[in-house]
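Written below as structure tokens is the structure these notes are about.
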Amino acid sequence: KKEVFVEAYNEIKESFVEFFAKLTGGGIGYLSQQNQEDPFAAGIDIFVQFPGKNSRLIASASGGEKSVTAVSFIFAIQSMSPAPFYLLDEIDAHLDAYNSERLADLLKQQSATSQLIAITLRDVIMDRADRLFGVYIQNGISKLVSTKIEEVTS
Amino acid sequence: KKEVFVEAYNEIKESFVEFFAKLTGGGIGYLSQQNQEDPFAAGIDIFVQFPGKNSRLIASASGGEKSVTAVSFIFAIQSMSPAPFYLLDEIDAHLDAYNSERLADLLKQQSATSQLIAITLRDVIMDRADRLFGVYIQNGISKLVSTKIEEVTS
Amino acid sequence: AYIKRVEIRGFKTFGSKKISVPLDRGFTVITGPNGSGKSNILDAIRFVLGDLSARSLRADKMSEVIFDGGRLGSSEAAKTAQISILLDNKKRQIPVDTGTVHISRKVNRRGISQYLLNGKNVSRSHLIDILSIAGLSSAGHNIVMQGTITRLTDITPVERRKLIEDLI
Amino acid sequence: AYIKRVEIRGFKTFGSKKISVPLDRGFTVITGPNGSGKSNILDAIRFVLGDLSARSLRADKMSEVIFDGGRLGSSEAAKTAQISILLDNKKRQIPVDTGTVHISRKVNRRGISQYLLNGKNVSRSHLIDILSIAGLSSAGHNIVMQGTITRLTDITPVERRKLIEDLI
Ligand SMILES: Nc1ncnc2c1ncn2[C@@H]1O[C@H](COP(=O)(O)OP(=O)(O)OP(=O)(O)O)[C@@H](O)[C@H]1O
Ligand SMILES: Nc1ncnc2c1ncn2[C@@H]1O[C@H](COP(=O)(O)OP(=O)(O)OP(=O)(O)O)[C@@H](O)[C@H]1O
Ligand SMILES: [Mg+2]
Ligand SMILES: [Mg+2]
């Protein structure tokens, strides 16, 4: 059982570094087992080093930094064990323009692996949609308008 | 003791209706004592009716609707018992453009009563500042630039 | 096993006239003003996948997810809320021998739910067993509700290890 | 009793060179990229007002709020973190007979804090007594940390009543 865990953990660990670097433009993020010999005796820490800063435990990170780290972790898990779909409700709420842009690119990429359904109020993410729904309300009843984004091929 | 409470509660109740209407452009929000005879036996509910919808308990409201309701509640309390200052960290994170604009106006207004210090990533709120600070980081060290917004009088 | 479409009727801000939401197998984005019904669509998906927690659906009890009539008044309230979902099953990840799997859930004003799998009545537990084999569930790291994205970074190191353990 | 300025040295992303942040008595807005130090400024205010919870300051223990050297390396780490705040006191809301009140808090690497009130050493409890008379505290409905705005709507009705009771 321990081998199965260690194998899964190592795969997620490796992917996490990769996704974190992508989302932060070169930042270094890594998972770390608190107890190397007996992983089940303790937990897993997340260390992050954003560009220009020191490596620190995730607890002290900012709201935007934590969002970016959480998204990296979600997709790191996806590499090892893809879920059939992802429901992402306003995960960009605390991101600045720079991080939202990177997130939008990453969501577009990862949607090739699993279905992604994201709610957002940000143009930069709407622009990358394969299908975009606008929801509005009339007399307390929700209505949808759909825009399927087709490649223009002449 | 009960009279003191009821008096404070009624004042907050009245202000809440007023602020909620301002923030939502005509919505109806009200507080309601679960136990009218003995307020200390139970709690206080918040009912909200957003324009075009029914009145419902706050629990079912959306993220943006809850934010607007919470801000109304904070300023309702301010009317009865103003705090010396308010620290507001990204309270607009879940608001759409329409609600952010109303929030910005209200913050500007209420800053006449108490000092308001707000963190935001949104232009519409920055535009209403009396003083605006931009924070940036260099070698892991925070630096500030300040823009005091002066009325142009010729 | 992706979601091809979600059909919503009488659920929260969705009125008694059924709305069909076709989803892209790649990247679908939903936007709109505050309170328009975006998160309600995600709640609908969790509901049809068997979510038993009214609280996580922002309701006091399950019958509260039934459309209350909106501006038309409570005379127009729905009697039941019904969600249907059509899942792709070409790779037979769901242990049912059809190329697509249709799941439906209806709740009435007494809070009682009925489930249909490919049109046939099933118990919730039977449905949950089938779904979990395909990795489909109403909760999990793949479902990030509004305001909860930093949960994964705020959980304790031990909770984080357990999360990974539960995946294997 | 508003805040005229906050001085930050060696606290979190603020290096050993003191930074003075003058605040408007009306509406001050702080903006900037993710991780630049905006919330850290608010943490500094709560810290100097006596916050004892390292956790609420996003630290494991209080000494962790001391600047760690940044990109310059741990040799450049500060030995102490110090925050000073200058409060207007024209209306004498703070029971101290000066027109402005200067409060300072310094924490060292052993996590031990020292407090100064108008330049004079005071115990934390003495400072807290004085501040609470003016309605100044490191926590309360007037301090909304990042991601917590909906707390007021998510608390239970009983907690909400208690909140109002605590105000009077
Ligand atoms: N049973 C019901 N009948 C009618 N309306 C309901 C019902 N349950 C919830 N609602 C309404 O649904 C609305 C919330 O919708 P939802 O959470 O989907 O909004 P949203 O589009 O996600 O908004 P935001 O951008 O603010 O997150 C609230 O106004 C709420 O009152
Ligand atoms: N003791 C310390 N020494 C150096 N850096 C620290 C220390 N404690 C925290 N930090 C850093 O402070 C940064 C967080 O700053 P802060 O929370 O103020 O950002 P922010 O501007 O509010 O960003 P956001 O917009 O994402 O909320 C993190 O990068 C964290 O690593
Ligand atoms: Mg929502
Ligand atoms: Mg912040």
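So you know, we letter chains A, B, ... as the sequences are listed, proteins then strands, and number each from 1.
- For D/I143, the parts lying under 4.5 angstrom from a heavy atom of chain B are both the backbone and the side chain.
- For D/L152 against B/A70, the heavy-atom pair with the smallest separation is CD1-O, 3.9 Å.
- Residues of residues 155-168 of chain D that come closer than 4.5 Å to chain B, counting heavy atoms only, are D/P157, D/V158, D/R160, D/R161, D/L163, D/I164, D/E165, D/L167, D/I168, ordered by residue number.
- Note that the CD atom of B/E90 and the OG1 atom of D/T148 stand 11.0 Å from one another [nearest 0.5 Å].
- In this structure, no portion of D/N40 lies under 4.5 Å from any heavy atom of chain B.
- Interface check for chain D: of the options B/I58, B/L121, B/I77, B/V145, the most heavy-atom pairs under 4.5 Å are formed by B/I77.
- The two residues D/G37 and B/S142 have their closest heavy-atom pair at CA-OG, 3.7 Å.
- In this structure, D/D88 CG and B/Q115 CD are separated by 9.0 Å, a value rounded to the nearest 0.5 Å.
- D/H141 is listed as a side-chain neighbour of B/Y86, based on a closest heavy-atom distance under 4.5 Å.
- Open room surrounds NZ on D/K17; 12 or fewer heavy atoms of other groups in view lie less than 6.0 Å from it.
- Other residues, nucleotides and ligands contribute more than 12 heavy atoms inside 6.0 Å of the CZ atom of D/R109.
- A distance of 13.0 Å separates OG in B/S111 from OH in D/Y2, rounded to the nearest 0.5 Å.
- Of residues 124-133 of chain D, no residue lies under 4.5 Å from chain B by any heavy-atom pair.
- Of the listed residues B/P82, B/S67, B/A8, the one with more heavy-atom pairs under 4.5 angstrom with chain D than any other is B/S67.
- Both the backbone and the side chain of B/I125 come within less than 4.5 Å of a heavy atom of chain D.
- Here the CG-OG distance, from B/D89 to D/S39, works out to 3.5 Å after rounding to the nearest 0.5 Å.
- One distance of note links CG of D/D154 with NZ of B/K66; it measures 4.5 Å at 0.5 Å rounding.
- Along residues 70-78 of chain D, the residues that come nearer than 4.5 angstrom to chain B, judged on non-hydrogen atoms, are D/G70, D/R71, D/L72 in order of number.
- Of the listed residues (B/L144, B/L31, B/T113), the greatest number of heavy-atom pairs within a distance under 4.5 Å of chain D belongs to B/L144.
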>> Run the side chain to side chain contact (heavy atoms under 4.5 Å, CB included) test on D/L42 and B/I117 for me, step by step, so that the C-alpha distance in whole Å, both residues' side-chain angles and the decisive distance to 0.1 Å come before the verdict.
In response: CA-CA 9 Å; D/L42 269 42; B/I117 299 152; 4.2 Å; yes
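- Considering OG1 of D/T28 and CG of B/L87, their distance stands at 10.5 Å, rounded to 0.5 Å.
- Minimum heavy-atom separation, B/A129 to D/V29: CB-CG2, 3.4 Å.
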>> Run B/I141 and D/F67 through side chain to side chain contact (heavy atoms under 4.5 Å, CB included) and show every step you take.
In response: CA-CA 9 Å; B/I141 296 179; D/F67 172 64; 3.6 Å; yes
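- Residue B/E18 qualifies as enclosed at atom CD: its count of foreign heavy atoms under 6.0 Å is above 12.
- Between D/I149 and the options B/L88, B/T69, B/V71, B/V68, a side-chain contact (heavy atoms from CB on, under 4.5 Å) holds for only B/V71.
- With a threshold of 4.5 angstrom between heavy atoms, B/F5 approaches chain D through its backbone and through its side chain.
- Of all the listed residues (B/G140, B/S114, B/P84), the one sharing the greatest number of non-hydrogen pairs under 4.5 Å with chain D is B/P84.
- In terms of heavy-atom pairs under 4.5 Å with chain B, the best-connected choice from D/I30, D/I19, D/L136, D/V21 is D/I30.
- In terms of heavy-atom pairs under 4.5 Å with chain D, the best-connected choice from B/F85, B/F133, B/Y136 is B/F133.
- At most 12 non-hydrogen atoms from other residues, nucleotides or ligands lie less than 6.0 angstrom from CZ of D/R25.
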Identify each donor-acceptor pair in which a side-chain atom of residues 36-51 of chain B lies under 3.5 Å from a protein atom, sequence neighbours left out, and give them as a table.
residue : atom : partner : partner atom : Å
B/D38   : OD1  : B/F40   : N            : 3.2
B/D45   : OD1  : B/Q34   : NE2          : 3.1
B/D45   : OD2  : B/Q34   : NE2          : 3.3
B/Q49   : NE2  : B/K53   : O            : 3.2

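- In terms of modelled atom types and a separation under 3.5 Å, the side chain of B/D130 and the main chain of D/F27 share a donor-acceptor contact.
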